[in-house]
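Okay, structure first, notes after.
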Amino acid sequence: MTIQVHLDRLLAERGMTLTELSERVGVTVVNLSILKNGRARAIRFSTLTALCEVLDCQPGDLLSYRPG
Amino acid sequence: MSKGNPLEPLTGVVSAAFALSAGVLGLATAIRLTVGLFDPVCFTAKYWPYGGESRGLVEGTRLDDVERARLCVDDPAPWQHVLSFLSEAPTALARVVALLLLLKLLRNASRHGIHTADTAAGVRRFGHYLLWVLPAAAMADSIARTTLVHAAVTFDAGYLSFLGEWEAPWWAVITGIALLSLAKIMRASAEMREELEGTV
(Lines give C-alpha, C1' and ligand atoms only; values in the text may rest on other atoms or scores of the structure.)
Protein backbone atom coordinates (compact mmCIF):
# COMPACT_ATOMS: atom_id res chain seq x y z
CA MET A 1 0.00 0.00 0.00
CA THR A 2 1.44 3.38 -0.96
CA ILE A 3 -0.48 5.44 1.63
CA GLN A 4 1.30 5.16 4.98
CA VAL A 5 -0.57 5.71 8.27
CA HIS A 6 1.58 7.10 11.10
CA LEU A 7 -0.88 6.55 13.92
CA ASP A 8 1.56 4.53 16.03
CA ARG A 9 4.22 7.27 15.80
CA LEU A 10 1.73 10.01 16.75
CA LEU A 11 0.44 7.91 19.66
CA ALA A 12 3.98 7.31 20.91
CA GLU A 13 4.86 11.03 20.63
CA ARG A 14 1.75 11.95 22.67
CA GLY A 15 2.08 9.10 25.14
CA MET A 16 -1.40 7.89 24.36
CA THR A 17 -2.71 4.33 24.06
CA LEU A 18 -4.95 3.05 21.29
CA THR A 19 -7.73 2.38 23.80
CA GLU A 20 -7.57 5.94 25.11
CA LEU A 21 -7.64 7.33 21.56
CA SER A 22 -10.56 5.07 20.77
CA GLU A 23 -12.57 6.45 23.71
CA ARG A 24 -11.80 10.07 22.84
CA VAL A 25 -12.38 9.74 19.09
CA GLY A 26 -15.43 7.48 19.27
CA VAL A 27 -14.03 4.86 16.89
CA THR A 28 -13.69 1.23 18.00
CA VAL A 29 -10.27 -0.15 18.89
CA VAL A 30 -10.73 -2.77 16.16
CA ASN A 31 -11.22 -0.09 13.50
CA LEU A 32 -8.29 1.96 14.82
CA SER A 33 -6.12 -1.17 14.68
CA ILE A 34 -7.17 -1.72 11.07
CA LEU A 35 -6.15 1.88 10.33
CA LYS A 36 -2.88 1.63 12.28
CA ASN A 37 -1.84 -1.61 10.55
CA GLY A 38 -2.52 -0.22 7.07
CA ARG A 39 -5.40 -2.58 6.35
CA ALA A 40 -8.06 0.13 5.91
CA ARG A 41 -9.33 0.71 2.37
CA ALA A 42 -10.73 4.18 3.08
CA ILE A 43 -11.02 6.74 5.88
CA ARG A 44 -14.03 8.97 6.51
CA PHE A 45 -13.51 12.74 6.77
CA SER A 46 -15.34 12.59 10.11
CA THR A 47 -12.80 10.03 11.45
CA LEU A 48 -9.88 12.04 10.10
CA THR A 49 -11.27 15.23 11.65
CA ALA A 50 -11.73 13.55 15.04
CA LEU A 51 -8.21 12.05 14.95
CA CYS A 52 -6.67 15.41 14.03
CA GLU A 53 -8.60 17.14 16.82
CA VAL A 54 -7.58 14.64 19.51
CA LEU A 55 -3.98 14.22 18.35
CA ASP A 56 -3.65 17.94 17.56
CA CYS A 57 -2.16 17.29 14.15
CA GLN A 58 -2.71 17.88 10.44
CA PRO A 59 -3.91 15.13 8.05
CA GLY A 60 -0.43 15.20 6.51
CA ASP A 61 1.09 14.23 9.88
CA LEU A 62 -1.16 11.19 9.97
CA LEU A 63 -0.93 10.12 6.33
CA SER A 64 1.85 10.18 3.78
CA TYR A 65 2.23 8.92 0.22
CA ARG A 66 5.16 6.69 -0.73
CA PRO A 67 5.60 6.18 -4.49
CA GLY A 68 5.91 2.63 -5.81
CA MET B 1 -40.29 -16.85 9.50
CA SER B 2 -36.74 -16.39 10.74
CA LYS B 3 -36.13 -12.75 11.65
CA GLY B 4 -32.39 -12.83 11.09
CA ASN B 5 -32.28 -14.60 7.74
CA PRO B 6 -33.49 -12.48 4.80
CA LEU B 7 -33.55 -15.60 2.63
CA GLU B 8 -36.44 -17.07 4.60
CA PRO B 9 -39.10 -18.27 3.85
CA LEU B 10 -37.53 -19.05 0.45
CA THR B 11 -34.94 -21.45 1.91
CA GLY B 12 -37.64 -23.33 3.81
CA VAL B 13 -39.90 -23.60 0.78
CA VAL B 14 -37.06 -24.79 -1.48
CA SER B 15 -35.92 -27.26 1.18
CA ALA B 16 -39.43 -28.74 1.43
CA ALA B 17 -39.85 -28.80 -2.37
CA PHE B 18 -36.48 -30.56 -2.75
CA ALA B 19 -37.26 -33.17 -0.09
CA LEU B 20 -40.68 -33.84 -1.65
CA SER B 21 -39.49 -34.02 -5.26
CA ALA B 22 -36.41 -36.12 -4.40
CA GLY B 23 -38.68 -38.54 -2.55
CA VAL B 24 -41.18 -38.73 -5.41
CA LEU B 25 -38.38 -39.18 -7.98
CA GLY B 26 -36.73 -41.91 -5.89
CA LEU B 27 -40.04 -43.74 -5.43
CA ALA B 28 -40.98 -43.43 -9.11
CA THR B 29 -37.54 -44.68 -10.17
CA ALA B 30 -37.75 -47.63 -7.79
CA ILE B 31 -41.21 -48.59 -9.12
CA ARG B 32 -40.03 -48.13 -12.70
CA LEU B 33 -37.00 -50.34 -12.20
CA THR B 34 -38.94 -53.14 -10.45
CA VAL B 35 -42.68 -53.46 -11.14
CA GLY B 36 -42.40 -51.28 -14.24
CA LEU B 37 -40.18 -53.83 -15.97
CA PHE B 38 -43.21 -56.11 -16.34
CA ASP B 39 -45.46 -53.39 -17.76
CA PRO B 40 -45.81 -52.53 -21.45
CA VAL B 41 -43.78 -49.58 -22.68
CA CYS B 42 -46.13 -46.80 -23.79
CA PHE B 43 -45.28 -43.48 -25.41
CA THR B 44 -46.94 -40.74 -27.42
CA ALA B 45 -46.28 -40.23 -31.13
CA LYS B 46 -46.68 -36.49 -31.48
CA TYR B 47 -47.01 -36.71 -35.27
CA TRP B 48 -49.42 -39.50 -36.13
CA PRO B 49 -50.51 -39.44 -39.78
CA TYR B 50 -53.27 -42.09 -39.69
CA GLY B 51 -55.87 -40.50 -37.38
CA GLY B 52 -57.73 -43.23 -35.51
CA GLU B 53 -56.46 -46.05 -37.71
CA SER B 54 -54.07 -48.63 -36.32
CA ARG B 55 -51.72 -48.66 -39.31
CA GLY B 56 -48.01 -48.22 -39.92
CA LEU B 57 -47.02 -50.04 -36.71
CA VAL B 58 -44.31 -52.69 -36.41
CA GLU B 59 -45.33 -56.09 -35.06
CA GLY B 60 -45.91 -56.11 -31.29
CA THR B 61 -46.92 -52.46 -31.16
CA ARG B 62 -50.52 -51.32 -30.76
CA LEU B 63 -52.35 -48.00 -30.84
CA ASP B 64 -53.53 -47.67 -27.24
CA ASP B 65 -55.11 -44.21 -27.21
CA VAL B 66 -56.42 -42.80 -30.48
CA GLU B 67 -56.93 -39.26 -29.10
CA ARG B 68 -53.32 -38.83 -27.97
CA ALA B 69 -51.77 -41.26 -30.51
CA ARG B 70 -50.39 -43.30 -27.62
CA LEU B 71 -48.49 -46.37 -28.75
CA CYS B 72 -47.74 -49.38 -26.57
CA VAL B 73 -45.24 -52.20 -26.92
CA ASP B 74 -46.64 -55.14 -24.92
CA ASP B 75 -43.48 -57.23 -24.82
CA PRO B 76 -40.70 -54.63 -24.83
CA ALA B 77 -37.01 -55.41 -25.26
CA PRO B 78 -34.60 -54.18 -22.54
CA TRP B 79 -33.45 -51.26 -24.72
CA GLN B 80 -37.07 -50.11 -25.03
CA HIS B 81 -37.36 -50.09 -21.23
CA VAL B 82 -34.14 -48.04 -21.07
CA LEU B 83 -35.41 -45.56 -23.68
CA SER B 84 -38.78 -45.33 -21.94
CA PHE B 85 -36.98 -44.49 -18.70
CA LEU B 86 -34.77 -41.97 -20.51
CA SER B 87 -37.81 -40.32 -22.10
CA GLU B 88 -38.84 -38.96 -18.69
CA ALA B 89 -35.95 -39.27 -16.24
CA PRO B 90 -33.45 -36.62 -17.47
CA THR B 91 -35.80 -33.63 -17.02
CA ALA B 92 -37.13 -34.91 -13.69
CA LEU B 93 -33.59 -35.50 -12.41
CA ALA B 94 -32.36 -32.14 -13.72
CA ARG B 95 -35.22 -30.36 -11.90
CA VAL B 96 -34.45 -32.10 -8.62
CA VAL B 97 -30.74 -31.26 -9.02
CA ALA B 98 -31.74 -27.63 -9.75
CA LEU B 99 -33.63 -27.52 -6.45
CA LEU B 100 -30.60 -29.04 -4.68
CA LEU B 101 -28.26 -26.44 -6.22
CA LEU B 102 -30.66 -23.64 -5.28
CA LEU B 103 -30.88 -24.96 -1.72
CA LYS B 104 -27.07 -25.13 -1.43
CA LEU B 105 -26.81 -21.61 -2.85
CA LEU B 106 -29.36 -20.23 -0.36
CA ARG B 107 -27.71 -21.98 2.60
CA ASN B 108 -24.24 -20.76 1.62
CA ALA B 109 -25.59 -17.24 1.13
CA SER B 110 -27.26 -17.17 4.54
CA ARG B 111 -24.07 -18.58 6.16
CA HIS B 112 -21.45 -16.40 4.44
CA GLY B 113 -23.53 -13.37 3.42
CA ILE B 114 -25.54 -12.35 0.39
CA HIS B 115 -23.16 -9.66 -0.88
CA THR B 116 -20.05 -11.82 -1.23
CA ALA B 117 -18.00 -12.88 -4.24
CA ASP B 118 -18.70 -16.57 -3.41
CA THR B 119 -22.48 -16.04 -3.45
CA ALA B 120 -22.23 -14.11 -6.73
CA ALA B 121 -20.22 -17.01 -8.22
CA GLY B 122 -22.87 -19.45 -6.94
CA VAL B 123 -25.67 -17.46 -8.59
CA ARG B 124 -23.65 -17.44 -11.83
CA ARG B 125 -23.15 -21.22 -11.71
CA PHE B 126 -26.86 -21.77 -11.02
CA GLY B 127 -27.75 -19.48 -13.93
CA HIS B 128 -25.54 -21.49 -16.27
CA TYR B 129 -27.13 -24.70 -14.98
CA LEU B 130 -30.64 -23.47 -15.75
CA LEU B 131 -29.58 -22.06 -19.10
CA TRP B 132 -27.81 -25.16 -20.44
CA VAL B 133 -28.59 -28.28 -18.44
CA LEU B 134 -32.41 -28.12 -18.29
CA PRO B 135 -32.83 -27.58 -22.08
CA ALA B 136 -30.25 -30.33 -22.68
CA ALA B 137 -32.18 -32.70 -20.40
CA ALA B 138 -35.41 -31.89 -22.26
CA MET B 139 -33.57 -32.62 -25.51
CA ALA B 140 -32.40 -36.00 -24.14
CA ASP B 141 -36.04 -36.76 -23.23
CA SER B 142 -37.21 -35.93 -26.74
CA ILE B 143 -34.46 -37.95 -28.44
CA ALA B 144 -35.34 -41.01 -26.35
CA ARG B 145 -39.07 -40.55 -27.06
CA THR B 146 -38.47 -40.06 -30.78
CA THR B 147 -36.22 -43.12 -30.96
CA LEU B 148 -39.02 -45.20 -29.40
CA VAL B 149 -41.47 -43.88 -32.00
CA HIS B 150 -39.01 -44.53 -34.87
CA ALA B 151 -38.63 -48.14 -33.78
CA ALA B 152 -42.40 -48.63 -33.41
CA VAL B 153 -43.62 -47.40 -36.80
CA THR B 154 -43.05 -48.45 -40.37
CA PHE B 155 -43.41 -45.01 -41.92
CA ASP B 156 -40.63 -42.41 -41.99
CA ALA B 157 -41.14 -40.33 -38.85
CA GLY B 158 -38.36 -37.93 -39.89
CA TYR B 159 -34.81 -37.70 -38.60
CA LEU B 160 -35.30 -34.24 -37.11
CA SER B 161 -38.62 -35.03 -35.45
CA PHE B 162 -36.91 -34.89 -32.06
CA LEU B 163 -36.72 -31.11 -32.52
CA GLY B 164 -40.51 -30.98 -32.82
CA GLU B 165 -40.82 -33.20 -29.73
CA TRP B 166 -38.42 -30.99 -27.77
CA GLU B 167 -40.34 -29.20 -25.05
CA ALA B 168 -37.76 -26.51 -24.38
CA PRO B 169 -38.09 -25.13 -20.84
CA TRP B 170 -38.14 -21.45 -21.77
CA TRP B 171 -38.74 -20.46 -18.16
CA ALA B 172 -35.34 -21.98 -17.32
CA VAL B 173 -33.61 -20.21 -20.22
CA ILE B 174 -35.07 -16.80 -19.29
CA THR B 175 -34.40 -17.35 -15.57
CA GLY B 176 -30.85 -18.53 -16.34
CA ILE B 177 -30.06 -15.40 -18.37
CA ALA B 178 -31.61 -13.22 -15.64
CA LEU B 179 -29.47 -14.95 -13.00
CA LEU B 180 -26.29 -14.34 -15.03
CA SER B 181 -27.11 -10.61 -15.01
CA LEU B 182 -27.99 -10.74 -11.31
CA ALA B 183 -24.63 -12.43 -10.61
CA LYS B 184 -22.81 -9.51 -12.27
CA ILE B 185 -24.77 -7.03 -10.12
CA MET B 186 -24.04 -9.10 -7.00
CA ARG B 187 -20.30 -9.20 -7.82
CA ALA B 188 -20.32 -5.38 -8.00
CA SER B 189 -22.23 -5.17 -4.72
CA ALA B 190 -19.74 -7.58 -3.10
CA GLU B 191 -16.90 -5.24 -4.09
CA MET B 192 -18.88 -2.28 -2.66
CA ARG B 193 -19.41 -4.19 0.57
CA GLU B 194 -15.66 -4.90 0.87
CA GLU B 195 -14.99 -1.19 0.36
CA LEU B 196 -17.53 -0.26 3.03
CA GLU B 197 -16.18 -2.79 5.52
CA GLY B 198 -12.63 -1.47 4.98
CA THR B 199 -13.75 2.11 5.64
CA VAL B 200 -12.75 3.47 9.07
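Computed from a predicted structure; not experimentally measured. Chain naming here is simple, since letters A, B, ... match the order of the sequence lines and numbering starts at 1 in each.
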Under a 3.5 Å distance rule, please check whether A:Thr47 uses its side chain to pair with a backbone N or O of B:Val200 as donor and acceptor.
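A pair under 3.5 Å: yes.
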Determine whether more than 12 heavy atoms belonging to other residues, nucleotides or ligands lie under 6.0 Å from atom [atom1] of [X].
X        : atom1 : answer
B:Trp171 : CH2   : yes
A:Met16  : CE    : yes
B:Glu167 : CD    : no
B:Arg193 : CZ    : yes

Would a 4.5 Å heavy-atom cut-off, applied to side chains only, mark A:Arg41 and B:Thr199 as touching?
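The answer is no; the side chains never approach within 4.5 Å.
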Taking side chain as everything from C-beta outward and backbone as N, CA, C, O, which of these in B:Glu194 sits under 4.5 Å from a heavy atom of chain A? Side chain, backbone, both or neither.
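Backbone plus side chain of B:Glu194, per the 4.5 Å heavy-atom cut-off to chain A.
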